[in-house]
Amino acid sequence: MNYVVDLESFHGPLDLLLYLLEEQQLEIYDIPIATITDQYMEYLRQTGEFNLEQMGDFLIMATYLLNLKSRMLLPSRVELSEEEDSDPRAELVQRLLDYKKYKKLAECLLSYQNGDFPRVFFRDSEDEISGIEELVGDAAQLWRSFQVLLRDLPEQEEKFRLPQGDVNISEKMEEIVERLEQGKAGLVLQDLFQGVISLREALAFFLALLELIRLQRVEAIQEQSFGEIKIRLQVAV
Amino acid sequence: MLMRDQIKAAVEAVLFVRAGRVGMDELVEILDIPLLELKEILLEMILEYNNNIRSGLQIVELNGGYLLCTRPAYSDILARMEKPQKKRLSAAALDTLAIVAYRQPVTRLEIEQIRGVKSDRIVNTLLEKGLIQEAGHKAVLGKPILYATTEEFLKVFGLTSLKELPDLEEL
Amino acid sequence: MLMRDQIKAAVEAVLFVRAGRVGMDELVEILDIPLLELKEILLEMILEYNNNIRSGLQIVELNGGYLLCTRPAYSDILARMEKPQKKRLSAAALDTLAIVAYRQPVTRLEIEQIRGVKSDRIVNTLLEKGLIQEAGHKAVLGKPILYATTEEFLKVFGLTSLKELPDLEEL
């Protein structure tokens, strides 16, 4: 049967494993690792769209399962020490048992919340009903926060600042044409970037160059692979 | 089937939990007893409460429903109670609010550039609390939403105008 | 000067108004009577409440304070009350909350080890909802934050103490 499994509906890889075990009425204490691993991988394969962050957790478990599977399959050639002799599944079994326990506790909590178990009720506060909470604050506090933020800013600003209005491509286009008009033999591409101090400026020069080429005012010629790229004014035909 | 005393206790519990009026029809439904019997019981309860000098509470009929509330005699004492827990803003909320207050109107990206961390959740929280509001779109690529502070913000921070914010340049 | 019965009524009114725990020191301040006398009165009140079958309420001691809440006997009836838009917790939130409740104080990493998934978002959500709180730092490398449940947690799940949680070993 071909269907897409919604991984979102599982809280995580342990939940999916428990589901697989329960579905086939398998014992947690004696997990058939090979079978379960194959089924687990099959589930992942059938999964269509997924949330990347969540998928990461599932993939970590997949790696772990594959590793377990291979360890179970390998014949033990060497005399194993006491510790290594223990069932490689032991850790997984313990994790599944732990997880199952807390899952049950979560169900208990839900029953409490629903009033399925004898519980006490507290008074609904007016706050909760109206959704109004009285917030307090003072302007000096606000000002101090901002001061601190500004003080820490310079470093961050260099890192995060995005292109703003200071990069003007048409100015750069004029500059390129001007420089090409001065040097008769044209320029080598790298020369364009001489004296450029910021990445944004370099980007502006490059965009300006592309635009000039598109407008057929300038041509760029590379005579051999990996050779210099020469730029010169296009001669009007 | 509940005994009469149990019904009274249940009514008290219901009125207690709901911090407001409980309609008669709702009481009938919750307690699953006939309307007439319930009315009779409530009348008895009101009398009992009124005669019990050891209780600071009373049952009051209001718009065809009933309400548990304190007796007026204790209003002086209750006035001494601290008002419903005043909530302080978290440091993250305060930072974000400071940026909006001083840089408004400001986009979320601009806030993030100053804070150096993702701020979508905290911006949403401030929106929900009514401390900031959307204030149009910035005329740049993607037309990001601009945020500004609200009147509620002024109220919470005890300002009558944004001009009262401490001056940045003075530092 | 208040009479003893009046003090009891006043205590009841104060506990009623505050939808949660009222600290002993706060009670002393509000009622303006000596601590020892107040303690004695509260003990009497707890007994009186417990013996009054006509009351659906009880006084409970919690973290050195007192609070008024319903008796467990009426949980069936009260569960029928419509909760004013109480938001249900997601299954993931419940899982996480269960781990914090039983393992507290616990770090985020420990939670993630048990759940097998990243849990930073869900931990933040629980913090925002006030169901868990930071409870110091663990004395290990990196000094990770420890989390514990709050009084709000007890309130939402109708517990008067963490001891009322089902026994872990019995499951």
Side-chain angles (χ1 to χ4, degrees), chain B residues 2-20 22-23 26-33 41 44-45 48-49 52-58 68-85 87 90 92-93 118 121-122 124-125 128-129, chain C residues 2-23 26-33 41 44-45 48-49 52-58 68-84 121 124-125 127-128 130 134 151-152 155 158:
Chain B
L2 295 170
M3 306 276 294
R4 199 168 181 94
D5 280 347
Q6 285 176 307
I7 294 173
K8 284 184 182 174
V11 168
E12 189 183 48
V14 169
L15 295 183
F16 169 79
V17 168
R18 173 78 48 83
V22 184
E26 203 186 340
L27 273 176
V28 166
E29 206 184 304
I30 295 169
L31 297 162
D32 196 21
I33 54 168
I41 286 173
E44 260 181 52
M45 287 180 75
E48 281 165 10
Y49 260 101
N52 179 5
I53 55 161
R54 273 193 276 183
S55 176
L57 308 179
Q58 59 177 347
L68 194 62
C69 60
T70 60
R71 289 197 200 192
Y74 300 98
S75 56
D76 287 356
I77 288 169
L78 294 172
R80 286 184 225 152
M81 287 176 75
E82 247 187 81
K83 290 284 160 281
Q85 294 118 333
K87 290 219 174 118
S90 69
K118 274 257 166 234
R121 286 177 64 125
I122 205 84
N124 284 340
T125 305
E128 274 170 29
K129 287 193 196 294
Chain C
L2 294 171
M3 305 277 294
R4 199 170 182 92
D5 280 348
Q6 285 177 307
I7 295 173
K8 285 185 182 172
V11 168
E12 189 183 50
V14 168
L15 294 184
F16 173 80
V17 168
R18 174 74 50 82
R21 185 178 64 88
V22 184
E26 202 185 342
L27 272 176
V28 166
E29 207 185 303
I30 294 169
L31 298 164
D32 195 23
I33 55 169
I41 286 173
E44 261 181 50
M45 286 182 74
E48 282 166 9
Y49 259 102
N52 180 6
I53 55 162
R54 270 193 275 182
S55 177
L57 309 179
Q58 60 176 345
L68 200 59
C69 61
T70 65
R71 291 195 196 194
Y74 300 98
S75 56
D76 287 358
I77 289 167
L78 295 168
R80 284 183 227 150
M81 286 176 74
E82 241 185 274
K83 291 279 164 301
R121 287 173 62 128
N124 283 339
T125 306
L127 280 171
E128 274 171 28
E134 296 189 1
E151 278 183 26
E152 176 68 18
K155 197 170 150 180

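Below, chains carry the letters A, B, ... as their sequence lines are ordered, and counting in each starts from 1.
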> Testing the basics here: between Leu57(B) and Ala13(C), what is the closest heavy-atom pair and its distance to 0.1 Å?
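Closest approach of Leu57(B) to Ala13(C), heavy atoms only: CD2-CA, 4.2 Å.
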
> For the residue pair Leu68(B) and Phe16(C), what are the closest heavy atoms and their distance?
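Heavy atoms only, the tightest pair is O-CZ, 3.2 Å.
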
> For the interface with chain B, which of Asn52(C), Val22(C), Val11(C), Val17(C) has the highest count of heavy-atom pairs at distances below 4.5 Å?
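When all of Asn52(C), Val22(C), Val11(C), Val17(C) are compared, Val17(C) has the most.
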
> Report the distance from atom CG of Asp32(B) to atom CZ of Arg80(C), rounding to the nearest 0.5 Å.
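It comes to 6.0 Å.
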
> For Arg54(B), give me all partners under side chain to side chain donor-acceptor pair (under 3.5 Å), at least two apart in sequence or on another chain.
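Result, side chain to side chain donor-acceptor pair (under 3.5 Å) vs Arg54(B): Glu48(C).
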
> Please flag which part of Thr125(C) lies under 4.5 Å from any non-hydrogen atom of chain B: side chain, backbone, both or neither.
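It is both, since atoms from each part get that close.
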
> Within this structure, what is the CZ-CZ distance for the pair Arg121(C) and Arg121(B), rounded to the nearest 0.5 Å?
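If we round to the nearest 0.5 Å, Arg121(C):CZ and Arg121(B):CZ are 6.0 Å apart.
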
> So, for Ser55(B) and Glu12(C), which heavy atoms are closest and what is the spacing to 0.1 Å?
OG-OE1, 2.6 Å

> In terms of heavy-atom proximity below 4.5 Å to chain B, should Asn124(C) be classed as side chain, backbone, both, or neither?
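Contact with chain B: backbone and side chain both.
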
> State the CD1-CE distance between Ile30(B) and Met81(C), to the nearest 0.5 angstrom.
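CE of Met81(C) is found 5.0 Å from CD1 of Ile30(B).
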
> Taking CD in Glu29(B) as the centre, count heavy atoms belonging to other residues, nucleotides or ligands within less than 6.0 Å. Is the count above 12?
no

